[in-house]
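Keep in mind the model is a prediction, meaning the values are calculated, not measured. Because only heavy atoms are used, hydrogens play no part in the values below, and waters and symmetry mates are left out as well, while side chains stay in. Positions are given from 1 along the sequence.
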Amino acid sequence: MMRKKKRSSITVDDDSTLDVPKSKKTKSSGRPTKSSLQDSYPDSVFVQFLKESGVTLTAGSTANEIGKIMNEKVCIVYNKEFMFEGVSEDGLNVPRLIINQLKWLDRIVDGKDLSSKLMQMVSVAPVEIQRDIITSLPEILEDSQHGDMAKELNGLLQQNTQLPVPILDALSSLNLSSALLSEVREVVMGTLSAVQLEDLPVVVKFILHFISASDANEVVCDLRKKLELEQCVLPAVLQASQSRMKSKAMSGVPSCNNGQDSVALVLEVIKSAIRFQKTISEAWLKAIENVDESDDHKVVDLLVLFILHSTNANHSRRGAERVLKVKVRKGLIQENLLQKTFKGHAQVMRGYFPSILALAQGLLRSPDCFVVPFGGHMYKQAFTAFDSYCQQEVVGSLVTHACSGVSGEVDVALELLCELVSQKPAEMSQFTVFVKGILDYMDNLTSQQIRRLFHLLSCLAFGQEQHGGHIQDDMHIVIRKQLSSTVPKYKRIGIIGAVMMVGSMGACRNKPDGSQGGTLPKETHRQVMALLELVRSCSESSPEAAALYYDELANLLQTCKLDPLVQAWIGKSVLEDFQEDFIVDLGPDLSGPFVFPASVMHNLDEDESQGGIAINLLPLMTQDQQLKKDTTQPAGVKKERRVSPLCLSSFFRLLRLCEEVQHQGDLEEIDALLGCPLILTDMEVVEKVESLSKAEREFLCSLLFYTINWFRETVNAFCKQNDPEMKMKVVTRIQNITYLQSLLQTCLAATPGYTPPQANFDGESAEGMIPSSSSALPKKGKKESSGRKRKASASKNSSGDKSQLEGATEAEDSQQDHPEKENEKEKEKDAKSGVSLSSYWPFFRELDVEALSVLQCGLLSRTLLDTELHSKLREEVQLSPAELLFLLEDMWRKLDFSLASAPAKKAPFLKSKTDKAVGFAHLQQKNAKEIATCCIELLPTLCTHLENCHNHFQTLLSEHQGVVDAPGVDLKEQQLMCSAYQLLLQVLHTTFSWAGFSGLEHRALLKSALGVLAGRLKEDETDLTLDQLSRHAFEYLQNFQSTVPSLNTALCLTQLLIVLSQYGGSNHRTYREQITSLAKRFLCQEWVTVSGEKERGNKYHDALQTLLSIYLEHTDDVLKAVEEIAGEGVPELLNAAKDANSPSWPTLNRQTFLVYYKSMMAELERAVRKIPPSKQTDNQEVCSEKLLTWNLAVRDFHILINLVKMFNSRPVLTVCLKYGRLFLESFLKLGMPLLDYSFKKHKEDVQSLLKTIQLSTRQLHHMCGHSKIRQDTGLTNHVPALKKNLEQFVYRVKAMLTLNHCQEAFWLGNLKNRDLKGEEILSQKSQAVDEEEEESSQLQSEEEV
């Protein structure tokens, strides 16, 4: 090591050598001289090198002189020796050693000159030495030179892109001002795109290291824009070629992982900055959040979100989850970006796998249906891209989801597992044991989930490659155990599992050599046959189990292509058994020990009556009833196979699908079953149902249920046939269904407590779905709900004004009392007309989606020949309003299940008795997109029916001069048409409200749907934008406003237009104005039923409240609208007769006052919350505008509060106390700061406002006293919070006056407790403690202030 002495001076001769003078002697004669001392110690490496270079140090030489010499000598050395070699023969990099020694100089006389010399060396030296010099500068320079050197390095950085790392390292060690640092950062940011990949981590570290809180957002946003990690990864082809080059020449070729390593280092730099600087984490979140286009999102966005989630800070983790959910919900971060991220940076993302897994779990558990699929994509990409450990964790997490018990979560998890098994069977086979663990949680799974589970396990165990063959025995054991169980639930699981196993084992495969017709190995074929026989034998003793077996086998045929031999065996056995069990030849003798006389009914093939066939329903029911009574079977004797009518519809469905598969959709072999009659009884017995015994009534109800379900299955079977005659028969069968349903309603009304026969066998027992006798009558169908209830309520209007008002307004809290009384009065009518079948729909067979194609049938006709074959008769069939209503109800129920209920994924706190999925087993096999596509295909037909309804009512109004209940009008037809009109609008509303339309992937589907509506208005225009299509569709539907027959139909139309306006883009203001105008038109229209009575009842009130809320929400000036209703409409009502309406608002009467009052109070409170908060910096114009708004709001509030004096029923008081408190809270929070700033300039306005609100608060105080006197807990619950706000208001006014130096204008007194009439409450007269301090503050005149 060089010895540190006094700095020496250096002189240079012409020969470039230094003469070192003799040193002076010391004062002590015995002390050796410096020259002798130097000679006694060896020179350092630095001195030796200088001597070899011809440089001799003299005493007092300065560092600047050394630098000057070095600049000359070192450059000569570089040029001669080190320019190309850099390292001497002995392995020493001499220039680097020289530069390193300069760090140890004690003092620099002229640092500026030295730094300039060093920079001159940088300009001529090779790159390696440039790096050494630049990195050594912070240790050589003094602090005063840091700023100048930073500027020089900044300029060098712009000129030379090969030196960013040493320059940034040097700049990081210099003490720089914030302005200079910002300038340097801008330069570095500008060179970011040209930086080499291996230097990128250093550059990013420098940018993030010197960020202040003020400029963090701007810097991070700029960095995000210029950081292109997509370009840091070579394509797969280049990586392969690079790896081949590396194998040929191990040196000189960079590894293909360099890109991944550099990206990993960049992410580590970002992670370090985020972890230690909260401002940077917030800036990254804001930068990602501000991106509003999906194309602008980059790979780095997802990677940074994973980094943010991986940090320990809770705010970063929650922020990452929130931003990701918002971006996915809006469609800004899509699957292709996720796929690109995993494909290009799988090695980097492996380090963030825990965060990826946690985010995927959170998305999958989300109740928001928009984000759930993205969580599934994360699971699939992680499974595909990562190693076996991560794959195991993915499968384990999905199994946890599947066992969670939350229905939506279980569905998605099982669907993902099925996809992984189909796409990666070999990898999934390693984790078969994990998946098999779900079998322990089957008690919590629905039938559809059990199907998916067994399909999943069967594919692993019995697939063609049999990757999970080691669980085959376990599967057989589980199935046999479940099948042999006597508990119906477990037997049902066994049947479903066995059929799914048959689907996997017996699936059609590539035909092996030497096989005879089949594609299965002999052993597999034998196992399939044995399993089918096992299921059949275990289920034949129970009609419910047998029917489930037939349904499951039918579903399997519909979704899976089986081996031809297996298919042929099933078809043959089914056809033989069906003919033997359920079909009989027609004969003259139909006598027997039947409950009712037998009769051949509903024969559509009258010309083939002789020698025809019939469904043997009545005899089978009689036989089955006797078997149920006969319980004397000896123990140990195996139960014989029962032929039950319960299996009829299921068996026929299986038969039909077997025929479709074998004959490619042709049902000619069984088409006689569509028109063949049934052996029933004469339906005139329904008229005498009251005189029948209970057993006979129940038998008759069951007979009707079986018949209707048989017809529903025949419609399912033949609805796709193109033959006109077959179509006519299908329509006729639908007519039969509607006729029998009307009979069934009458029978059910006379048979309380009846349990219908089960029709859907894949769910729990139907006992929980049976409507009780007490609730069966009040539940009216849509057709019956309008007239009778309103008539009953109209009969009550003869009572006094006060009792009538209380009775009407109390419907808000006790909405069941009024209808129950009405139902008691009309019990006989209800029993005669029947009950609604909506409560019994789980006991009907499910109609397939394809059956809705019957809606497309217009007028059907056929020509009939008489017996002489020459006289022609013409028969015409078309859908009547009853059949149209039947199909629309079924369609709306399907859409409501598939499209509208999709977001609800959380399990309810209290489990419902009825399973909402019962009756939708076939529908669940289709996803929401397929259902929406089917509905869009039917849109032209729906529009046609909607136009027909419009024309019907338009013609009716024009013929009867606008009188709906004119004489001669068919009331029943009018009710059916009214219900059909409403259902058509509900179907359209449910379709266009589908959440999937908000996603970009379904944009084309949305445009096609809107195009159908727009095309009804403008047929010639094509290639329209989404905005144009929305506008045309909106205009088309607006045309129906003139003929809507009821308020509920008007509400459906308004809601449909609101949904369409959301797709309108830039025309929101125009849409709002049109919706406001439409809603006001409906509110200002008097609604009457087809019988001429005013509409009333709870459904009417609910629809009115929703429509009024829509009007107030969409109007431009809510305060003006509220004042118009409360200031004009209500006084008109007070001056009108008891049963009259307000002339300007016909829907406002004493029965609907509560609806209006609640809506106005709620919207007023919501409007004042939207008033912007006041600031002291607001100009005078803004303050005046806000003050005017608050004056209007307070005036409206005062009007509404005063209405309680005239309408003082309990529900009105409840509304007033609730929203009065909320209004006061908003006023204290938003209004009082405005008064603080405005008092001096707008003294009179502020005084007037306070006096007005003082009157309102005094009235609220009286309401509190009234509530205490009445001791009504429903009212007194609101009192404490309201009292608190009233007290805060008093002191807040005092604070405002004090702030403006007017505290003398305020005085406080005790306000006496009074009731609503203003009379003092005597019981509290002497209790001073209970006297509430309330604002009776009176502002003095302006002169006193």
Exercise for review: Take Thr933 and Glu930, measure what side-chain contact (heavy atoms from CB on, under 4.5 Å) needs, and give me the verdict at the end.
Suggested key: CA-CA 5 Å; Thr933 304; Glu930 292 173 338; 5.6 Å; no
Can you confirm whether the side chains of [X] and [Y] place a donor and an acceptor under 3.5 Å from each other?
X: Ser1030; Y: Asp1027; value: no
X: Arg1016; Y: Thr944; value: yes
X: Ser1144; Y: Glu1132; value: yes
X: Ser1159; Y: Tyr1111; value: no
X: Tyr1036; Y: Glu947; value: yes
X: His952; Y: Gln974; value: yes
X: Thr1106; Y: Ser1109; value: no

Is the backbone N or O of [Y] less than 3.5 Å from a side-chain atom of [X], with the two atoms forming a donor-acceptor pair by type?
X: Thr1115; Y: Leu1112; value: no
X: Arg845; Y: Arg712; value: no
X: Asp896; Y: Val987; value: no
X: Gln1041; Y: Gln1038; value: yes
X: Asn716; Y: Asp848; value: yes
X: Lys894; Y: Leu847; value: yes
X: Glu883; Y: Ser880; value: yes
X: Ser898; Y: Leu895; value: no
X: Glu1035; Y: Leu1017; value: no
X: Gln1028; Y: Thr1025; value: yes

To the closest 0.5 Å, what do you measure between [atom1] ([X]) and [atom2] ([Y])?
X: Leu985; Y: Gln982; atom1: CG; atom2: CD; answer: 8.0 Å
X: Ile737; Y: Gln735; atom1: CD1; atom2: CD; answer: 10.5 Å
X: Thr941; Y: Leu946; atom1: OG1; atom2: CG; answer: 12.5 Å
X: His1032; Y: Leu1060; atom1: NE2; atom2: CG; answer: 13.5 Å
X: Ile931; Y: Ile936; atom1: CD1; atom2: CD1; answer: 11.5 Å
X: Arg1081; Y: Thr1054; atom1: CZ; atom2: OG1; answer: 11.0 Å

Taking side chain as C-beta onward, heavy atoms only, is [X] less than 4.5 Å from [Y]?
X: Leu1010; Y: Leu1024; value: no
X: Phe886; Y: Gln741; value: yes
X: Ser1008; Y: Leu1005; value: yes
X: Leu1051; Y: Ile1110; value: yes
X: Leu988; Y: Thr991; value: no
X: Gln1105; Y: His1101; value: no
X: Asn1149; Y: Ser1142; value: no
X: Leu888; Y: Leu942; value: yes

Taking 4.0 angstrom as the limit, do [X] and [Y] come out as a salt bridge?
X: Lys325; Y: Asp368; answer: no
X: Glu850; Y: Lys926; answer: yes
X: Lys1120; Y: Glu1123; answer: no
X: Arg893; Y: Glu889; answer: no
X: Lys330; Y: Asp292; answer: no

Point to revise | Stepwise side-chain contact (heavy atoms from CB on, under 4.5 Å) check, His945 with Leu884 | key: CA-CA 9 Å; His945 288 298; Leu884 177 63; 3.8 Å; yes
Revision key, fill the gap. Residue pairs passing the salt bridge (Lys or Arg N to Asp or Glu O under 4.0 Å) test with at least one member in residues 1041-1052, sequence neighbours excluded, are none
Going by the rule ring pair (Phe, Tyr, Trp, His ring centres under 6.0 Å), which residues pair with [X] if we only count those two or more places apart in sequence or in a different chain?
X: Tyr1157; answer: Phe1153
X: His950; answer: Phe1040
X: Tyr1071; answer: Phe1034
X: Phe992; answer: none

Least distance between heavy atoms, [X] atom then [Y] atom:
X: Cys943; Y: Leu1013; answer: SG-CD2, 3.3 Å
X: Met1160; Y: Val1122; answer: SD-O, 4.0 Å
X: Cys978; Y: Thr1049; answer: O-OG1, 4.2 Å
X: Ala980; Y: Leu885; answer: N-CD1, 3.7 Å
X: Leu899; Y: Ala928; answer: CD2-O, 3.6 Å
X: Leu1200; Y: Ala1126; answer: CD2-CB, 3.8 Å

Exercise for review: Applying side-chain contact (heavy atoms from CB on, under 4.5 Å), run through His989 and Val1059 and close with a yes or a no.
Suggested key: CA-CA 7 Å; His989 177 260; Val1059 171; 3.6 Å; yes
Point to revise | Step-by-step salt bridge (Lys or Arg N to Asp or Glu O under 4.0 Å) determination, Lys1080 to Glu1124 | key: CA-CA 12 Å; Lys1080 186 173 182 180; Glu1124 182 181 359; 3.4 Å; yes
Review point. Would you call the rings of Trp1087 and Phe1082 parallel, tilted or perpendicular if under 30° counts as parallel and over 60° as perpendicular?
Key: tilted
Exercise for review: Name the orientation class of the two ring planes belonging to Trp994 and Phe997 (parallel below 30°, tilted from 30 to 60°, perpendicular beyond 60°).
Suggested key: perpendicular
Review point. Between Glu973 and Met977, is a side-chain contact (heavy atoms from CB on, under 4.5 Å) present by the stated rule, with each step listed?
Key: CA-CA 6 Å; Glu973 183 184 7; Met977 291 298 292; 4.3 Å; yes
**Study point:** All pairs passing ring-ring contact (aromatic ring centres under 6.0 Å, His included) where residues 919-943 contributes a residue, at least two apart
**Key:** Trp841-Phe920, Phe897-Phe920
